[in-house]
Amino acid sequence: MFFIVVLLALVMTSCSTSDNTPNAQAGYVNPRTCEGCHAGIAASYRETGMAKAFHKIDIEEVPGQTFTHEKSGRTYQFVKREDKVFLRRTEAGGENAIEKEIQYVLGSGNHARSFIHRTPQGRLIEMPVNWYPEDRGKVAMSPGYDRADHMDMRRAIGYQCAFCHNGYANAKGTSLLDDPVFEGDLPEGIDCQRCHGPGREHVAEGGRGKILNPKKLPAARKMEVCMQCHLETTSFSLPNSIVRFDQKIFGYNPVNPLESFVSHFDHAKGGKEEEKFEIAGSAYRLRQSACFRGSKEELTCTTCHNPHQKKANVDAACVSCHKQIAGMEKHPAKADCASCHMPKRRTEDVIHVAVTDHKIRRPDGKLDLMAKREERHEVMGKDSYQGEVVSYYPTTHASDLYPALAQVIHQSNLKKGVPRLEAALAKEQPKEPAFYVHMAQALHASGESAKATGYYQKALGLDEKFLPALRSMGASQLRAGDLAGAAGTLEKTVGLHPGDSLAWLELGRVYRGQKKLAEAARAARKAVELEPELVEAHKLLGVVLEESGDRVGAEAAFRAALAEQPDEAECRGNLANLLLTKGDAAGAEKLLKVAVVSSAAARFNYAVLLAQQKRYDEALEQALGAPRSVGSLELIGNLRMARREFRLAEGAFREGLKLEPGSGRLQVGLGTALGAMNDFSGARRFLTLAAQGTDAGAKAEASELLRTLPH
Ligand code: HEC
Ligand code: HEC
Ligand code: HEC
Ligand code: HEC
Ligand code: HEC
Ligand code: HEC
Ligand code: HEC
């Protein structure tokens, strides 16, 4: 749910133009329709968290505090103007303020409220700060944001969040590979039909028509009505579930078995994930408890909960199975069973929130259930879970397609998963193009890019307009250096999907690679026009305009990018350079000084600027804090030379040469450092290498130095 870091170009995809109103088609009615005849139930349901899970913001809910996040150096403040609410963000020093309107709130506030900005394109953006009642009603960072380089005002709410937190919306996309874009009015809260199924028939016949009453379902199916939203094995990379590709995103009707819609997966048994405790895990934890396992599935959510009511009816439920407790001599209590056996506990994925643990068990005094924790951030395929992904619900599948897909989709088990998915595809020959796109992406991730193309073509053979395949194929051709191929694919893509900002962006990158600067600028402008909040598009436009000599245009584009994303280090650096060439050194310094709070990468740019101004000590301090790269190590080496720290300079140049053994500039640096320490043969060796290299500047410098070197 929260922390999956995915390659934007690979996965962000979108926008079929078809009018997709699955709910009206499938017999759903306006949820208000039910209130007329079921007034009592409707009134008590309105008080529950589920009914309030998504709603238009109410002025009363607007937090008063101003909140400063130290790691990113940004300050957030809620602003009320006329009858609208905005979140205002400023950087350290009060710079770079922007405001976004908050139209919606996600979360009843039982545990949290997330503030949502809806863009003109129909994306829902989660704001970086949440309100948490448990942390004494404080404003704090949203889940996943407690880091210097957080997503600020750019993280889109996916279709999956909306699936669990609301009535069915109108999705513009048709699959989870599509961009999460929502059309028309949004529902406000989880409505009756999410548990009772579409109500048109029932209503049309004045309440005598059919409607699902979960009470009449067998126990396991009764629980599935709740598990569609309350079963999340984990919100970290795995994947915890895959919605079947032959289903619409908001197409689940609870009259059908859950497995006809979605498969759930889990970590392999025996690992450190065994005891995980996360926010949307009530069903997962309940299913682990002795009460559930020992009562042959007769224990369901409705044993204790009436979903139309706020309060659970717990003691009576416990006692109905544990009658002997009443007479148990040693047992400490006869009431309030949950307080000892189902305590609240801090969750691992939303660290400011504690919820009831549904794994009913003997109290364990040793565990500190409320212990504060640091937020965990993972990069998929790097420090995310590595191991087998096992089928959890259902536990077995008729074909291996989805289980095999689960191994690769978050790169948890790539090595074994790739051949397994290839075999399953060959055997089952599914008709949904999404399978083949995932296969191609998995091949990419495991370094077999050449094989990927065939799978993209297979996907396009099934649906030649399939945007996720087109976009993803173009992006991988670009990365593989096949510019002509990428241009062909992406020109076709924007022809078929002219409103797709990300395809235009990718096409702009390709044109830039082909040195067609005017076309590149046009494509970048198109992307900006379609989606003014797309940072990458502004950035590309700035770079291309700068390369075409339009400094004024470039400056405006970089500033627009930085307004959205203050820690975009490359834009900072470029803009600072533009200011320097205009002679505005003070402006450039101000820009970079603020950036280093949240971005280590910006330190390099700042160090260069300081070095240019001969402020060597300050420059060295910044350069040492920047990520190690050939550039930063060369700078450190040169600054050490300026301070006559020759031994340390040598170290920096040598470290740089490990990263890029053929770098002429580093060879010159190292030669100079050795020469300064009277190691003339060493100096000669590296200067000669540079003089024979391909870097013209380094070559000239090295030849010059060789001439002055004593024998
Ligand atoms: C699998 C379904 C599911 C998904 C996906 C999901 N959530 Fe949740 N979320 C839940 C459930 C269930 C709870 C309530 C847990 C509880 O109270 O024990 C919850 C709780 C919350 C709360 C606290 C609400 C309150 O006051 O109790 C917030 C805020 C929230 N989720 C935001 C999000 C966001 C943002 C996303 C997408 C990034 C998301 N959720 C994805 C199921 C889901
Ligand atoms: C979160 C799921 C959920 C939602 C939302 C929900 N219900 Fe129910 N409803 C149930 C379940 C489960 C039962 C069966 C309860 C039981 O087993 O006793 C039920 C039972 C009922 C019944 C039958 C009552 C009975 O005694 O058998 C009616 C009528 C009903 N719901 C109406 C509504 C209306 C109207 C709404 C919207 C205002 C609504 N429900 C919202 C889950 C839900
Ligand atoms: C015109 C009045 C009317 C409307 C509108 C209406 N109902 Fe009913 N509903 C009834 C009547 C009458 C019954 C049967 C009497 C009873 O058991 O209470 C009933 C029964 C039910 C039951 C129990 C069915 C069973 O098999 O046990 C559920 C669940 C239910 N309604 C849900 C809904 C939902 C959800 C909506 C809105 C989509 C809705 N109703 C709209 C009148 C209505
Ligand atoms: C459409 C998704 C969805 C379905 C279906 C669903 N829930 Fe929920 N439920 C949620 C979310 C999301 C929350 C947290 C809402 C919030 O507080 O913002 C929640 C909260 C709750 C709560 C916390 C108390 C409260 O005030 O609401 C209980 C209890 C609960 N659900 C029980 C159930 C039961 C029992 C069922 C099945 C009959 C069920 N839910 C079905 C999504 C769902
Ligand atoms: C549907 C029946 C049912 C309900 C309701 C139920 N339990 Fe249980 N519970 C069981 C069964 C069956 C076992 C397993 C007994 C065994 O294995 O000997 C059990 C085991 C336990 C255990 C021992 C757990 C362990 O790990 O050894 C505790 C404690 C417990 N229940 C407490 C509760 C409490 C508290 C509630 C209410 C919140 C509750 N139960 C509700 C059926 C139930
Ligand atoms: C044995 C009794 C029992 C069963 C069965 C049970 N719950 Fe609960 N549930 C509780 C208790 C106790 C609480 C905390 C007190 C309260 O909210 O009234 C709770 C709270 C919740 C909450 C709110 C969590 C929080 O702390 O805010 C959610 C969500 C929830 N239950 C969902 C479910 C779902 C979904 C199921 C079925 C998978 C389920 N519960 C089954 C007893 C139960
Ligand atoms: C004040 C805390 C507390 C409350 C309240 C409480 N219990 Fe317990 N319960 C315990 C402890 C502690 C044990 C473990 C005793 C042991 O391990 O010998 C226990 C053990 C149990 C067991 C397992 C007994 C066995 O056979 O080994 C069950 C079942 C149980 N409780 C049910 C309940 C029910 C039902 C309620 C509510 C009526 C309840 N408890 C309320 C603390 C509590």
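We count ligands from 1, going down the list as the structure has it; atoms in each ligand are counted the same way. Numbers here simply count residues along the sequence, with the first being 1.
Annotation: atom 2 (C) of ligand 2 to nearest protein heavy atom, Cys195 SG, 1.8 Å. In terms of protein heavy-atom proximity, atom 23 (C) of ligand 3 is closest to Asn213 ND2, 4.1 Å. Nearest non-hydrogen protein atom to atom 22 (C) of ligand 6 is His358 CE1, 4.1 Å. Protein heavy atom at the shortest distance from atom 24 (C) of ligand 2 is Ile41 CD1, 4.4 Å. Here the heavy atom of the protein found nearest to atom 15 (C) of ligand 6 is Thr356 OG1, 4.5 Å. When only non-hydrogen protein atoms are considered, atom 26 (O) of ligand 3 lies nearest to Lys216 NZ, 2.7 Å. Protein heavy atom nearest atom 1 (C) of ligand 6, with residue, atom name and distance: Cys304 SG, 2.7 Å. Protein heavy atom nearest atom 11 (C) of ligand 3, with residue, atom name and distance: Gly207 O, 3.5 Å. The protein non-hydrogen atom at the shortest distance from atom 36 (C) of ligand 2 is Cys192 SG, 2.8 Å. Protein heavy atom at the shortest distance from atom 43 (C) of ligand 3 is Cys37 CB, 3.4 Å. In this structure, the protein non-hydrogen atom closest to atom 28 (C) of ligand 3 is Ile211 CG2, 3.4 Å. From the protein, the heavy atom lying nearest to atom 27 (O) of ligand 6 is His111 NE2, 2.5 Å.
Salt bridge annotation for Asp178-Lys172: absent, with no cationic side-chain nitrogen under 4.0 angstrom from a carboxylate oxygen. Of the charged side-chain nitrogens involved, at least one lies within less than 4.0 Å of a carboxylate oxygen, so that Arg46 and Glu35 count as a salt-bridged pair. The pair Lys269-Glu275 fails the salt-bridge criterion, with no side-chain N (NZ, NE, NH1 or NH2) lying under 4.0 Å from an Asp/Glu carboxylate O. Asp357 and Lys359 are not joined by a salt bridge, as no carboxylate oxygen comes within less than 4.0 angstrom of a charged side-chain nitrogen. With respect to the salt-bridge test (charged N to carboxylate O, under 4.0 angstrom), the residues Asp146 and Arg376 do not qualify. Using a cutoff of 4.0 Å between basic side-chain nitrogens and carboxylate oxygens, Arg113 and Glu61 are scored as salt-bridged.
Between His150 and Ser72, the side chains place a donor N or O and an acceptor N or O closer than 3.5 Å (distance only, hydrogens not considered).
Interface atoms of ligand 6 facing Ile360, defined by a heavy-atom separation under 4.0 Å, are 1 (C). Near Met342, meaning under 4.0 Å from any of its heavy atoms, are these atoms of ligand 6: 10 (C), 42 (C), 43 (C). Each of the atoms 5 (C) of ligand 3 lies under 4.0 Å from some heavy atom of Thr33. Taking every non-hydrogen atom of Cys301 and a distance limit under 4.0 Å, the qualifying atoms of ligand 6 come out as 34 (C), 35 (C), 36 (C), 37 (C), 38 (C), 39 (C), 41 (C). In summary, the atoms of ligand 6 found under 4.0 Å from a heavy atom of Thr300, numbered by their order in the structure, are 5 (C). The contact set between ligand 3 and Leu212, taken as ligand atoms under 4.0 Å from a residue heavy atom, comprises 29 (C). Taking a cut-off of under 4.0 Å to the non-hydrogen atoms of Lys311, the atoms of ligand 6 that pass are 18 (O). Listed by number with element, the atoms of ligand 6 under 4.0 Å from a non-hydrogen atom of Ala338 are 12 (C). Within the listing of ligand 2, atoms 12 (C) sit less than 4.0 angstrom from a heavy atom of Thr302. Numbered from 1 in the order shown, with element, the atoms of ligand 2 that lie under 4.0 Å from a heavy atom of Pro307 read 1 (C), 10 (C), 11 (C), 12 (C), 42 (C), 43 (C). Every atom of ligand 6 is numbered from 1 in the order shown, and the set under 4.0 Å from a heavy atom of Ala312 is 18 (O). The atoms of ligand 6 that sit less than 4.0 Å from any heavy atom of Val355 are 25 (C), 26 (O). The atoms of ligand 2 that sit less than 4.0 Å from any heavy atom of Ala42 are 38 (C).
For a distance bound of 2.8 Å, the N, O or S atoms of Cys34 include none lying that close to atom 8 (Fe) of ligand 3.
Less than 6.0 angstrom separates the ring centroid of Tyr392 from the ring centroid of Tyr284. Within the 6.0 Å centre-distance limit, the rings of Tyr402 and Phe435 are counted as a close aromatic pair. If you look at Phe67 and Tyr76, their ring centroids are not closer than 6.0 Å. In this structure, His438 has its ring center closer than 6.0 angstrom to the ring center of Phe245. You'll find the ring centres of Phe236 and Tyr385 outside the 6.0 Å limit. Checked against the 6.0 Å centroid criterion, the rings of Phe182 and Tyr159 qualify as a close aromatic pair.
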Would you sort out whether Phe115 and Phe78 count as a ring pair (Phe, Tyr, Trp, His ring centres under 6.0 Å), showing the intermediate values?
CA-CA 10 Å; Phe115 302 95; Phe78 291 85; 4.9 Å; yes

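Checking His38, Glu35, Glu201 against atom 33 (C) of ligand 3, the nearest heavy atom belongs to His38. When the heavy-atom distances from atom 39 (C) of ligand 6 to His305, Arg345, Gln309 are ranked, the shortest goes to His305. Across His308, His202, Gln193, heavy-atom proximity to atom 21 (C) of ligand 2 is greatest for His308. Evaluated by nearest non-hydrogen atom to atom 35 (C) of ligand 6, the leading choice among Arg285, Met227, Lys344, His230 is His230. Proximity annotation for atom 30 (C) of ligand 2: of Arg194, Arg32, His196, His196 comes nearest, heavy atoms only.
Protein heavy atoms all stay at least 4.0 Å away from atom 17 (O) of ligand 6. There is a protein heavy atom less than 4.0 angstrom from atom 13 (C) of ligand 3. Checking atom 4 (C) of ligand 3 against the protein gives a heavy-atom contact under 4.0 Å.
Distances from ligand 2 to the non-hydrogen atoms of Asp191 include at least one value under 4.0 Å. Assignment of Gly206 to the shell around ligand 3 is supported, since a heavy atom sits closer than 4.0 Å. Under a 4.0 angstrom heavy-atom cut-off, Arg208 registers as lying outside contact with ligand 3.
Looking at Met50 against ligand 2, only its side chain comes within 4.0 Å, counting heavy atoms. Here Arg287 has no heavy atoms under 4.0 Å from ligand 6, in either its backbone or its side chain. Residue contacts with ligand 6, taken as heavy atom pairs separated by less than 4.0 Å, involve Val314 solely via side-chain atoms from C-beta onward. Residue contacts with ligand 3, taken as heavy atom pairs separated by less than 4.0 Å, involve Val29 solely via side-chain atoms from C-beta onward.
For the pair Tyr132 (side chain) and Gly109 (backbone), a donor-acceptor distance under 3.5 Å is absent.
In this structure, Arg285 forms no cation-pi arrangement with Phe292, as its terminal cationic atom is not both closer than 6.0 Å to the ring centre and no more than 45° off the ring axis.
Minimum interatomic distance between Asp315 and Asp336 (heavy atoms only, all atoms of both residues): OD2-N, 2.6 Å.
Remark: of the listed residues Leu106, Ile190, Ile157, Leu106 is the sole one forming a side-chain contact (heavy atoms from CB on, under 4.5 Å) with Phe54.
Between Val390 and His267 there is no side-chain heavy-atom pair separated by less than 4.5 Å.
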